[in-house]
Amino acid sequence: MSAKPILVSGVKPTGDLHIGNYFGAMRQFVELTKEGKYRPFIFVADYHALNTMQDAEEMRRRTREIVMAYIAIGLDPKDVVFFKQSEVPAHTELAWIFDTLTTMPYLMRAHAYKDAEAKNREISVGTFNYPILMAADILLYDAAVVPVGQDQKQHIEIARDTVEKFNRAYKTDVFTLPEPYIMPDVAVVPGTDGQKMSKSYGNVIPLFGTTDELTKAVMSIVTDSSGVRPENVYNMHKLVRSEEELGMIYHTDAGNYKRLKELLIEDIDRYLAPMRAKYEELQSDSSIVDDVLARGRIEARAIADAKMEQVRQAIGVA
Ligand code: ADP
Ligand code: TRP
């Protein structure tokens, strides 16, 4: 048994990753798994994604894309148990057991549900129940730390409440309390129009795009004609080059927006090239991802199945 505290996190198989996702979240996440302080279990939250994605081909493609993306940016599958949520049936099985201890009014207080309500949207039972599946994801592995964005903090609270409900109801200590690890807020990465970069605004620089796509995106960066430093170009440039060097460059080529954009293209291209190369290698040999997920499935199942044995004993079905 490893004595290291367990880290668990789920990544949604949402595709079309952009450099805002990378600099804003993915990079810090991968760094955390590399610190060596934790034993990380990372899974693709495909059953969570079913709530919003109902296309089999898209599900398959995006699942592979997210696995390739994390490996390409530096997640080392040797250090991490990397698996698909759907391949460890204990997640949904445990979610059912937690459902029986959870009341409707309790889940109605969750932000995600309240937001949907406020917008008068009809939500699926799966979406309503999302925090319970997430509690199962976390508690199955005795997670000590759960790195998430600020928006997920309430879900960790729900997992903690669920530990207490279960342990009290069955007079046991089968589950341990997880702690949230809120990823430090990093600066918002601006898009080509100066607003927050987001796939829903169509202002992104793709993370694994071709040089042509990168060129097109950078050339479309909105600049004003006031003659001062083109802020939208500069703010993006800061991500890939030190401000000290940029000070000189933006002084020398002040006003020459075309030249500055060309330099930005070169610098982003150089920065992303190794990740893109790794991504392409993974794309060209599908067995690498298959092997990672197959190993992850075996390791995750072993832990999850052992926990389910304790749960079955505790609730009296075994
Ligand atoms: P999008 O806005 O493109 O739909 P998501 O909401 O899927 O992106 O974001 C996934 C993760 O990437 C979140 O943790 C979010 O904080 C981070 N992220 C997305 N866009 C940016 C950005 N422009 N700057 C910083 N972080 C970002
Ligand atoms: N809900 C998380 C998100 O939207 C993804 C997720 C699912 C997760 N299960 C998890 C994160 C378990 C941490 C632990 O980003």
Side-chain angles (χ1 to χ4, degrees), residues 6-30 32-33 38 40-53 62-63 65-66 69-70 73 81-86 88 90-92 94-95 98 110-113 115 126-127 129-160 162 178-207 217 232 235-236 238-239 300 304:
I6 289 173
L7 176 157
V8 170
S9 201
V11 293
K12 283 185 296 184
T14 44
D16 306 325
L17 294 167
H18 51 75
I19 64 169
N21 299 132
Y22 174 73
F23 288 105
M26 296 168 75
R27 184 173 63 164
Q28 292 81 322
F29 183 72
V30 168
L32 191 64
T33 65
Y38 306 109
F41 287 77
I42 311 292
F43 63 93
V44 181
D46 51 0
Y47 273 170
H48 284 286
L50 263 189
N51 282 310
T52 50
M53 199 197 308
R62 292 204 186 282
T63 299
E65 279 172 2
I66 200 85
Y70 273 94
I73 69 165
V81 181
F82 202 4
F83 63 102
K84 277 166 51 171
Q85 181 187 34
S86 59
V88 184
H91 289 240
T92 44
L94 183 58
F98 288 159
H111 298 314
Y113 174 74
D115 290 351
T127 301
N129 219 12
Y130 188 113
I132 294 303
L133 181 55
M134 185 159 159
D137 298 337
I138 295 168
L139 302 181
L140 266 178
Y141 301 92
D142 287 331
V145 283
V146 186
V148 285
Q150 181 65 35
D151 61 325
Q152 296 293 315
K153 204 172 164 196
Q154 193 190 37
H155 290 154
I156 314 290
E157 281 306 317
I158 294 176
R160 289 172 62 88
T162 306
E179 291 292 338
Y181 178 101
I182 304 301
M183 303 296 283
D185 252 346
V186 289
V188 168
V189 175
T192 53
D193 57 359
Q195 289 189 80
K196 178 185 179 212
M197 186 178 290
S198 169
K199 57 181 172 287
S200 34
Y201 302 152
N203 63 356
V204 308
I205 307 277
L207 184 55
N232 290 343
N235 286 336
M236 210 177 277
K238 273 195 319 201
L239 298 166

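First listed ligand is number 1; within each ligand, the first listed atom is number 1.
By the 3.5 Å distance cut-off applied to N or O atoms, His155 is not counted among the residues near ligand 2. Close N/O approach between Ser9 and ligand 2 is not found [any backbone or side-chain N/O within under 3.5 Å].
The side-chain heavy atoms of Met197 and Ile19, taken from C-beta on, include a pair separated by under 4.5 Å. Within the 4.5 Å cutoff, side-chain heavy atoms of Gln85 are placed close to those of Leu133. Side-chain contact between Ile156 and Met134: present, with at least one pair of heavy atoms (C-beta onward) separated by less than 4.5 Å.
One distance of note links CG of Asp142 with CD1 of Ile6; it measures 6.0 Å at 0.5 Å rounding. Taking OG1 from Thr127 and OH from Tyr113, the interatomic distance works out to 11.5 Å, rounded to the nearest 0.5 Å.
Every atom of ligand 2 is numbered from 1 in the order shown, and the set under 4.0 Å from a heavy atom of Tyr130 is 1 (N), 2 (C), 3 (C), 4 (O), 5 (C). Distances below 4.0 Å separate heavy atoms of His48 from the following atoms of ligand 2: 7 (C), 9 (N).
Taking the six-membered ring for Trp and thresholds of 30 and 60 degrees, Tyr130 and His48 have ring planes inclined between 30 and 60 degrees apart. Ring orientation note: the planes of Phe41 and Phe83 are nearly perpendicular, at an angle over 60° on the 30°/60° scale. Between Tyr181 and Tyr38, the ring-plane angle classifies as perpendicular under the 30° and 60° cut-offs.
Looking at Phe41 against ligand 2, nothing comes within 4.0 Å, counting heavy atoms. Residue Ile138 touches ligand 2 through its side chain alone, judged by heavy-atom distances below 4.0 Å.
At the shortest separation from atom 9 (N) of ligand 2 among protein heavy atoms lies Asp137 OD2, 2.7 Å. Closest to atom 2 (C) of ligand 2, if we only count protein heavy atoms, is Gln152 OE1, 3.4 Å. The protein heavy atom nearest to atom 5 (C) of ligand 2 is Gly10 O, 3.6 Å.
Which of Leu7, Asp151, Val146, Val148 comes nearest to atom 14 (C) of ligand 2 through a heavy atom is settled by distance: it is Val146.
Counted by atom type alone, Thr63 and Asp46 present zero donor-acceptor pairs between their side chains at under 3.5 Å.
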Worked verdict on Ile42 versus Thr33 for side chain to side chain contact (heavy atoms under 4.5 Å, CB included): CA-CA 9 Å; Ile42 311 292; Thr33 65; 4.3 Å; yes

Decide side chain to side chain contact (heavy atoms under 4.5 Å, CB included) for Asn21 and Val189; before the verdict, give the C-alpha distance in whole Å, the side-chain angles of both, and the deciding distance to 0.1 Å. CA-CA 9 Å; Asn21 299 132; Val189 175; over 6 Å; no

Where does ligand 1 get N/O contacts under 3.5 Å from the protein, atom by atom?
residue, atom, partner, partner atom, Å
ligand 1, 2 (O), Ser198, OG, 2.8
ligand 1, 3 (O), His18, NE2, 2.6
ligand 1, 3 (O), Lys199, N, 2.7
ligand 1, 4 (O), Lys199, NZ, 2.8
ligand 1, 7 (O), Lys199, NZ, 3.1
ligand 1, 8 (O), Asn21, ND2, 3.4
ligand 1, 9 (O), Asn21, ND2, 3.4
ligand 1, 12 (O), Asn21, ND2, 3.1
ligand 1, 20 (N), Met197, O, 3.3
ligand 1, 23 (N), Val189, O, 2.8
ligand 1, 23 (N), Met197, N, 3.2
ligand 1, 23 (N), Met197, O, 2.9
ligand 1, 24 (N), Val189, N, 2.8
ligand 1, 26 (N), Gly20, O, 3.3

